[in-house]
Amino acid sequence: MTSARPAATGAPGYAETMPCEPESARRARLLVSVALHTWGIGELAEDGQQIVAELFNNTINHTRRSAARVVVTRPTDSLVRIGVADNCREAPGVGSPGHDSEEGRGLILVEALSWRWGYDRKPSGKVVWAELKHRPHAEALSAGTADAGEELVDDRRSPHE
């Protein structure tokens, strides 16, 4: 007799479909926080929570859909991808708000907090995502001991490069 055993495939991740309501943004932030702390990279939680809140709120404000799916994956040890999927095919765009405007800064903030961000079109809509880089402990230690004269390099990439 042969028995089947479950086996993990692909990148580890968490996902939840939520109604497009302002109250769901709190659930989205909690999902991101739990994932990052479970993976032992809780130092990314604050940025991750802000990113998912902005992406989720954009879905609520711009797509007029009833539900969205929040996905948090870890494709590599040093990379976390946070995405919000909806069934709207309209591409997201960075706003250019006026100085007194209280809206239009969501993707500007996502761009500032993330290593890179972008979107993927799907047959049933799109996924808007942002990636955070995690420096493993050994890499962070060696970077902390760099010579004072050594130049630091920002290796963030825009999705359009």
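Heavy-atom basis, side chains included; hydrogens, waters and symmetry copies ignored. All values reported here derive from a predicted model rather than from experimental measurement.
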Less than 4.5 Å apart, side chain to side chain, heavy atoms only: is that true for Val70 and Val52? yes

Could you check whether any side-chain heavy atom of Trp129 comes within less than 4.5 Å of a side-chain heavy atom of Val71, counting everything from C-beta outward? no

Using residues 17-24 as the side-chain source, report each donor-acceptor pair under 3.5 Å to any protein atom, sequence neighbours left out, with the distance given to one decimal.
residue	atom	partner	partner atom	Å
Thr17	OG1	Arg69	NH1	2.7
Ser24	OG	Pro19	O	2.7

Is it true that the side chains of Glu46 and Gln50 contain a donor and an acceptor less than 3.5 Å apart? no

Working to the nearest 0.5 angstrom, can you tell me the gap between Ile108 CD1 and Glu54 CD? 10.5 Å

Could you give the distance from CG (Leu107) to CG (Leu55), rounded to the nearest 0.5 Å? 7.0 Å

Under 3.5 Å, side chain of Thr76 to main-chain N/O of Ser78, donor-acceptor pair present? yes

Answer yes or no: is there a donor N or O on one side and an acceptor on the other, between the side chain of Arg121 and the main chain of Arg89, under 3.5 Å? yes

By salt bridge (Lys or Arg N to Asp or Glu O under 4.0 Å) - contacts of Arg81 (at least two apart): Asp120, Glu131

Sequence neighbours excluded, which residues qualify as salt bridge (Lys or Arg N to Asp or Glu O under 4.0 Å) partners of Arg26? none

Tightest non-hydrogen contact, residues Phe56 and Ala68, listed as CE1-CB, 3.9 Å

Val110 to Ile51 - nearest heavy-atom pair and separation: CG2-O, 4.2 Å

N/O donor-acceptor pairs under 3.5 Å from side chains in residues 27-45, not counting sequence neighbours:
residue	atom	partner	partner atom	Å
Arg27	NE	Glu16	OE2	3.2
Arg27	NH2	Glu16	OE2	2.2
Ser33	OG	His37	ND1	3.4
His37	ND1	Ser33	O	2.9
Thr38	OG1	Val34	O	2.7
Glu43	OE2	His134	ND1	3.0

From the list Val84, Asp86, Thr59, side-chain contact (heavy atoms from CB on, under 4.5 Å) with Lys126 holds only for Asp86

